[in-house]
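The structure under discussion appears below in the form of structure tokens.
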Protein chains: 2
Amino acid sequence: MKKAEIVSLRPDDTSLPGNVKVTRQDWLNTALDLLVSDGVDKVKVLSISERLQVSRSSFYWYFKSRRDLLDGLLKHWEDTNTQSLVAQCALPSATITEGVCNLFCCFIDSENFNVQLDSAVRQWSRQSGAVRRIVDRADATRMAAIQAMFERHDYPSDEAEVRARILYYMQIGYNAVELSEPLEERLKRVPGYLLGFTGQAGRPEEIAAFACRSARKSDPLSGEIGIQV
Amino acid sequence: MKKAEIVSLRPDDTSLPGNVKVTRQDWLNTALDLLVSDGVDKVKVLSISERLQVSRSSFYWYFKSRRDLLDGLLKHWEDTNTQSLVAQCALPSATITEGVCNLFCCFIDSENFNVQLDSAVRQWSRQSGAVRRIVDRADATRMAAIQAMFERHDYPSDEAEVRARILYYMQIGYNAVELSEPLEERLKRVPGYLLGFTGQAGRPEEIAAFACRSARKSDPLSGEIGIQV
DNA sequence: TGCCTTCTGGACAAGACTGTCCAGTTCGGT
DNA sequence: ACCGAACTGGACAGTCTTGTCCAGAAGGCA
């Protein structure tokens with residue numbers, strides 16, 4: 001019944017085996033889990049302390065206030081999702097099909113891009129002007145990166161913009177709907193999506209390569225999202 | 001400083017001039033405004049009563065509990081958005097371009113379909129299993145209606161499905177991003193979207209007709225969304 | 001006028017949450 | 001063994017929220 005039994009699910013978990021001390025990172029990780037699963041309104045100091053099996057007041061050793069914690073979460077989001085999406089877009093690609101596949105990887109491989117975190121932050125932005133501005137800026141950055149990718153593959157600027165929008169909005173929408181379908185189901189529709197997005201059928205080898213790459217990384221969405229009203 | 005000065009923004013407002021009584025509908029309308037602008041977590045009995053300039057306890061004359069109110073809001077959503085989307089899809093259309101334009105109307109004309117309510121309910125579904133199930137069912141219903149529209153225009157079943165998904169997810173994503181751009185900006189990209197969605201360029205007259213229809217109904221998104229953390 | 005139904009407001013209880021204070025524990029270094 | 005910094009937990013105050021109770025106001029109608 002010691003604290004060490006609580007293991008954080010985040011990859012950057014700093015808790016070492018035998019280290020029963022709760023760190024600032026533990027608070028952040030647990031808050032992040034809560035943000036992702038229940039939304040920002042459920043990120044409560046008490047809830048986190050209970051998960052950590054630690055007194056609530058310890059929180060104020062690491063953080064000035066709840067607001068301070070929330071700022072940390074937002075910072076984390078800023079430093080991860082947008083950056084990795086932009087990086088995927090900037091990857092060299094022989095064809096546009098390959099470029100779009102690179103981008104798809106963001107949304108399939110949760111190591112690069114946390115889709116649920118993205119939805120949660122977007123939801124959060126609805127109730128905070130400050131968050132809203134940050135999200136808007138991120139959206140603009142992402143959109144520009146996608147558009148630039150199309151332009152590198154010789155799409156005229158205005159067509160590149162429309163295609164970037166279709167692609168980006170569609171992914172945001174897919175994430176928002178959050179249906180947890182098996183990866184094979186998703187992959188089955190990829191050729192159709194590619195045609196819709198690029199306006200041209202990709203070469204079968206390219207698509208197959210992508211499917212293979214995705215399947216290798218596949219990690220089924222872990223856990224249900226079941227919370228009370 | 002009497003109650004009558006508070007006027008609800010909803011179209012189905014039942015308050016008559018001179019009627020200073022606050023009705024059940026007033027509570028629902030105000031709650032709906034709050035749900036749309038701030039999210040379900042901000043739908044508080046106290047906040048609504050303050051807006052209505054009425055005692056908080058009056059609420060319990062009209063509603064069994066806060067939960068009861070929330071059920072009412074969800075019911076309202078169920079009875080409006082999905083239904084009108086399905087109706088738009090079912091409208092007879094000479095070409096697929098015209099069909100997609102009909103559907104676009106849903107998202108441009110707020111009389112038919114309240115996009116912000118849709119986002120708010122979707123957000124709500126993240127923290128309530130019951131709401132989640134209802135939203136999932138609505139998504140399935142809508143998707144089927146869009147797919148059926150493509151099939152009526154002779155798209156093979158599997159292609160119709162992929163196209164329906166691109167179209168629907170893209171709209172959900174667009175709503176989620178919630179950028180408030182002027183209608184002309186949006187309309188400018190419509191031909192590009194149409195090409196992406198249907199795989200064929202629509203006839204210019206059709207597109208022009210749609211732009212005209214939209215412009216006529218245009219109502220700029222009223223008000224900012226600025227709330228504290 | 002007086003009665004009855006409908007509706008309202010003030011007082012109260014209870015719980016959730018934030019943030020503060022402070023005494024006490026733990027652990028590394030000397 | 002001792003010291004001090006890092007860290008923890010219990011108690012408390014204050015605010016916000018839901019929900020209950022009940023006295024009483026307002027308006028329609030006999």
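Letters A, B, ... mirror the listed sequences (proteins, then strands); counts begin at 1.
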Response to the item:
In whole angstroms, the gap separating P of C:dC17 from CD1 of A:Ile48 amounts to 11 Å

Worksheet item: D:dG19, C:dT20, C:dG9: which one has an atom nearest the side-chain heavy atoms of B:Val54?
Response: C:dG9

Response to the item:
Here the distance between atom P of D:dT17 and atom NZ of A:Lys42, to the nearest Å, is 15 Å

Worksheet item: Which of these passes ring pair (Phe, Tyr, Trp, His ring centres under 6.0 Å) with A:Trp27: A:Phe59, A:Tyr60, A:Trp61?
Response: A:Phe59

Item to complete: State whether the distance check finds a donor on one side and an acceptor on the other, under 3.5 Å, for side chain A:Ser57 versus base C:dG19.
Response: no

Practice prompt. May I ask you to say whether B:Lys188 pairs ionically with B:Glu184, meaning some side-chain N is under 4.0 Å from a carboxylate O?
Written response: no

Worksheet item: In terms of the nearest nucleotide of DNA chain C, which residue is placed more toward the 5' end: A:Lys64 or A:Ser47?
Response: A:Ser47

Worksheet item: Tell me: CZ of A:Phe63 to P of C:dT18, nearest whole Å?
Response: 13 Å

Discussion item. Could you tell me how far apart A:Glu50 (CD) and D:dG9 (C1') are, to the nearest whole angstrom?
Written reply: 14 Å

Worksheet item: Just how far, in rounded Å, is C1' of D:dC16 from CG of B:Asp41?
Response: 14 Å

Practice prompt. Taking atom types as modelled, find out whether A:Arg213 and A:Asn102 have a side-chain donor-acceptor pair closer than 3.5 angstrom.
Written response: yes

Worksheet item: Is any side-chain N of the basic residue among B:Lys75 and B:Asp71 closer than 4.0 Å to the acidic one's carboxylate O?
Response: no

Discussion item. One thing to verify: whether A:Arg142 and A:Asp118 come together as a salt bridge, which I'm taking to mean a side-chain N less than 4.0 angstrom from a carboxylate O.
Written reply: yes

Worksheet item: Atom NZ of A:Lys44 to atom P of D:dT17: distance rounded to whole Å?
Response: 11 Å

Worksheet item: Does the B:Arg56 side chain pair with the main chain of B:Ser49, one donor and one acceptor, at a distance under 3.5 Å?
Response: no

Short N/O separations, protein against nucleotides 5-7 of chain D, under 3.5 angstrom:
{"unit_1": "D:dC7", "atom_1": "OP2", "unit_2": "A:Trp61", "atom_2": "NE1", "d": "3.0"}

Worksheet, complete the sentence: A:Trp27 CH2 to C:dT18 P, in whole Å, measures 10 Å

Worksheet item: To the nearest angstrom, how far is B:Tyr60 atom OH from D:dT17 atom P?
Response: 12 Å

Fill in: Closest listed nucleotide, where the reference is the side chain of B:Ser55 and the choices are C:dG9, D:dG9, D:dC12
C:dG9

Discussion item. I'd like to know if the side chain of A:Asn81 reaches the main chain of A:Asn114, judged simply by a donor and an acceptor atom lying under 3.5 Å from each other, with no hydrogens or angles considered.
Written reply: yes

Worksheet item: Hey, is the side chain of B:Arg67 pairing donor to acceptor with the base of D:dG19 inside 3.5 Å?
Response: no

